[in-house]
Each structure stands twice: as C-alpha cells, then as structure tokens.
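I have placed the structure first, in the form of structure tokens, so that the comments after it can refer back to it.
Chain letters run A, B, ... following the sequence lines, proteins first and then strands; every chain starts at 1.
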Amino acid sequence: MSTRDWILHVDLDQFIAAVELLRHPELRGKPVVVGGSGDPTQPRTVAATATYEAREHGIHSGMPLRTALKRCPEAVFLPSDPPAYEAASERVMATLRDFPVRLEIWGWDEAFIGATTDDPEALAADIQHAVRARTDLSCSVGIGDNKHQAKLASGYAKPAGIYRLTSENWAEAMNDRPTDALWGIGARISKKLAGLGLHTVAQLAAADPAHLAEHFGPTNGPWYRYLALGKGEAEVVTTPWIARGHSRETTFQRDLTDKTDIAHHIATLADQVAQDAIEADREVTRVSVKVRFTPFLTRTRQSKLPVPTTDPGTITEAALTILDRFDLTRPVRLLGVAVEYTLPQE
DNA sequence: TCTGGGGTCCTAGGACCC
DNA sequence: TCTGGGGTCCTAGGACCC
C-alpha cells in the first residue's frame with residue numbers, strides 16, 4: 001500500500017445522549033429524551049436528541065416534547081446541558097489533537113482530519129480506541145478523498161464503525177440513493193430536483209450544469225452536480241474558525257401582544273448580544289431583528305451601522321429602531337437579535 | 001408532530017453612481 | 001430630454017447544517 005493524503009471524518013455516536021448516559025448510568029437501556037428544561041409538558045419545546053430505545057417509539061430530535069411524551073409515557077426526560085457537552089467535546093478534541101494529523105473541528109461532535117498514511121483504517125481504529133479510552137465515548141470514522149466523501153462515509157460507518165468512501169466506490173455506493181443523501185442537499189432542493197426528473201444521485205451527476213444553473217443559480221446549480229459526482233473540499237483548515245456573526249433568540253411559551261413588552265424583550269436580547277460581542281472581542285457592523293408571529297410566520301429586518309461598535313447602548317438602540325419597522329398587530333411567538341461582526345484584517 | 005436555538009452561505013431586487 | 005449598460009452596496013428571504 002502506498003502513502004497518500006486522506007480525509008477522515010470523526011463523528012461521535014449519539015453524542016448528547018451518550019454524555020447524559022455517562023452521568024446517569026442507571027438510565028442505560030431505557031428510552032431517554034433530552035431537550036429544553038426537561039419538562040415534557042412544556043409547550044414549544046423540542047427534543048435535542050433521543051436514545052435508540054426512545055427512537056423505537058417513533059421519537060426523534062426536533063419532535064415536540066409533548067408529542068414525545070404521548071408516544072412514550074414511560075420515557076425519561078432530561079434537561080439539555082450545553083456546558084456539559086462543551087466539556088465532553090473538548091476532551092474528545094484534545095484526544096484527536098494528540099495524533100500527528102491536521103485537525104478541523106466542526107462543532108461539538110464532529111471533526112475532519114487530514115492525514116498522510118498508507119493505512120487510514122488503522123489510523124481510524126487507533127482514533128476510536130483513544131477516544132473510548134479517554135472519554136468513554138464511541139465514534140464512527142469515515143474515510144474519503146475529500147470532506148464530502150468522508151462525511152457521508154461516517155454515516156455508513158455508524159455506529160462505532162469505519163467505512164471508506166472514495167472516488168473508487170462512490171458510484172457503487174451512492175448512485176441509486178436519493179439526492180438528499182448528499183451533504184448540502186436537503187428536502188427542499190431534493191424535491192425541486194425531483195420536479196426536474198432528477199431523483200437519484202446518478203441522475204443528478206449526469207444532468208446538464210447549464211440547466212441546473214437556470215433553476216438554482218450559477219453557483220448552486222453546478223455545485224449540486226459536483227456533489228453528485230462525489231467531489232468536494234479536500235483542504236483541512238487547522239486555524240480556528242472566526243465567527244461571522246452571533247445571535248440570540250427566544251420562543252415564548254405564551255404569545256406576546258403588548259408592544260412595550262416586545263420592545264423590552266428586544267432590548268434585553270440586544271444587550272445580551274452586545275455583551276457577547278464584547279466578551280468575544282468583536283465589533284458589530286450590522287444588526288438584525290427577527291420576529292416570528294403565530295402561527296409560524298417569520299420576518300426579519302436589518303440595518304448596517306454607520307460605524308462598527310461594541311457599545312451596548314448603540315446596538316440596543318439600533319435594534320429598537322429596526323423593531324419599529326415591523327407591523328406588530330399579530331401575536332408574537334419568537335423574538336431574536338442577530339449581529340454581523342467585522343472580519344479581522346479587512 | 002403546532003413546529004428550539006445557533007450558525008453559514010447564496011440569490012434577487014432595488015438604489016445609486018458613473 | 002431621453003436613454004444604454006455596468007458595477008457595487010444594501011436588504012429580505014431561503015436553504016442548509018448541527
């Protein structure tokens with residue numbers, strides 16, 4: 001076997017549920033649902049994740065907790081605890097960093113690795129053993145020529161397995177699959193593609209790029225075909241990610257109708273976002289306000305600040321001015337404030 | 001199934017300027 | 001007076017992902 005570059009995708013299995021089961025070993029083997037404050041009678045709260053035992057009752061992430069409770073009254077509901085997941089994630093990433101590889105972290109529970117080796121499966125197995133030894137967590141590892149292939153490969157590898165998906169076996173593994181199996185094509189685009197007679201990955205790969213550009217734009221159209229051919233980014237970026245922006249939003253359990261009340265909540269969110277920006281040492285260039293009306297109509301308004309700032313007063317005032325541009329005659333179920341940061345060295 | 005929270009990127013249309 | 005074409009910036013919304 002010859003030495004060459006590979007991309008590995010490390011994906012922790014059932015990450016949030018696994019962390020919770022380490023803290024509550026007595027719940028192993030039981031249906032467990034994690035989400036919100038852990039109260040399944042609370043409206044407008046959804047599951048962050050569900051264990052395999054809970055999934056057998058038809059429960060899945062994104063499902064309202066009240067629905068989950070109806071489907072499985074004996075399920076155990078736990079509150080979501082982001083700091084605990086953050087801490088567990090850091091232990092995993094520290095473990096990966098000890099390997100002589102290039103590491104790109106992609107959130108709490110996944111990372112891409114660039115490695116030069118003649119045996120990527122052996123490296124993958126070493127990684128799995130190290131992660132299990134150091135954190136008691138299990139992961140799946142996908143191996144590919146690029147990130148797209150490696151990402152899909154880790155899906156095939158689940159749970160706790162290793163799978164290699166390269167240009168060699170791409171067609172065999174992917175050609176008959178629906179287009180939304182590709183990483184970057186979701187339900188909407190897949191449906192639109194089906195409307196053009198493109199149902200499978202093979203059909204999308206054989207489509208005319210110009211025709212795709214007509215329907216999906218000059219960048220996206222050809223990009224979808226590119227994905228269907230198994231191509232993708234192969235560069236592992238080891239420098240830490242610089243956030244483009246930041247936001248905070250709240251869904252209220254009971255609708256807001258009072259304008260003073262709404263303005264008060266917007267001011268609070270804006271101040272939080274400003275404090276976050278100060279803590280992150282980033283300047284804000286743009287402020288946007290999000291309002292979701294009942295039943296589920298979402299609208300956003302934004303404006304660019306005359307001068308980048310971190311001043312909470314300025315950011316809050318901007319958010320309140322933007323809020324004035326909304327028609328607030330309908331009941332409101334969600335409010336949000338988002339900011340865009342200036343990018344360094346620009 | 002009455003549908004969270006936090007991100008990223010792309011597109012399209014209008015304003016404005018030359 | 002009327003009109004062209006291009007470039008850039010701003011804003012709103014859509015789609016995707018975890």
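- The distance between atom CZ of A:Arg71 and atom C1' of B:dT3, rounded to the nearest whole Å, is 13 Å.
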Pairing string of DNA chain C (Watson-Crick or G-U wobble, both atom distances under 3.5 Å; | = paired to other strand) is ....||||||||||||||

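- Using a cutoff of 4.0 Å between basic side-chain nitrogens and carboxylate oxygens, A:Arg23 and A:Asp81 are scored as salt-bridged.
- Classification of the A:Trp106-A:Phe112 ring pair by plane angle, with boundaries at 30° and 60°, yields perpendicular.
- The side chain of A:Lys290 places no N or O atom within less than 4.0 Å of a non-bridging phosphate oxygen (OP1 or OP2) of B:dG4.
- Atom CD1 in A:Ile105 sits about 18 Å away from atom C1' in C:dC17, given to the nearest Å.
- Remark: A:Gly217, A:Pro218, A:Thr219, A:Asn220 in residues 205-227 of chain A come within less than 4.0 Å of DNA chain B through at least one heavy atom.
- In this structure, A:Trp106 does not count as stacked on the base of C:dC18 under the 5.5 Å centre distance and 30° plane angle limits.
- Rounded to whole Å, atom C1' of C:dA15 lies 15 Å from atom CG of A:Leu182.
- Between A:Thr251 and B:dG5 there is a side-chain polar atom (N or O) within less than 4.0 angstrom of OP1 or OP2.
- For the residue pair A:Asp5 / A:Thr116, a side-chain donor-acceptor distance below 3.5 Å is found, with atom types taken as modelled.
- Non-hydrogen atoms lying under 4.0 Å from DNA chain B are contributed by A:Arg44, A:Val46, A:His60, A:Thr67, all within residues 37-69 of chain A.
- Counting only N and O atoms by type, the side chains of A:Gln253 and A:Arg44 include no donor and acceptor under 3.5 Å apart.
- Not less than 6.0 angstrom separates the ring centroid of A:Trp223 from the ring centroid of A:Trp183.
- Using modelled atom types and a 3.5 Å distance limit, the side chains of A:Thr41 and A:Asp39 yield a donor-acceptor pair.
- Residues from residues 230-246 of chain A lying near DNA chain B, meaning a heavy-atom separation below 4.0 Å, are A:Trp241, A:Ala243, A:Arg244, A:Gly245, A:His246 in numerical order.
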Starting from the C-alpha separation in whole Å, work towards a yes-or-no answer on side chain to side chain contact (heavy atoms under 4.5 Å, CB included) for A:Glu249 and A:Leu334. CA-CA 7 Å; A:Glu249 61 185 55; A:Leu334 171 148; 3.6 Å; yes

Strictly under 4.0 angstrom, non-hydrogen atoms only: write out the protein contact profile of nucleotides 6-11 of chain C, one letter per nucleotide from the 5' end, B, S or -. ----SS

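- The residues A:Glu110 and A:Lys151 are annotated as salt-bridged, a charged nitrogen and a carboxylate oxygen being separated by less than 4.0 angstrom.
- In this model, no donor atom of one side chain and acceptor atom of the other lie less than 3.5 Å apart for A:Ser140 and A:Asp11.
- Against DNA chain B, the stretch residues 331-341 of chain A makes heavy-atom approaches under 4.0 Å through A:Arg333, A:Leu334.
- As rounded to whole Å, 15 Å separates atom C1' of C:dA15 from atom CH2 of A:Trp183.
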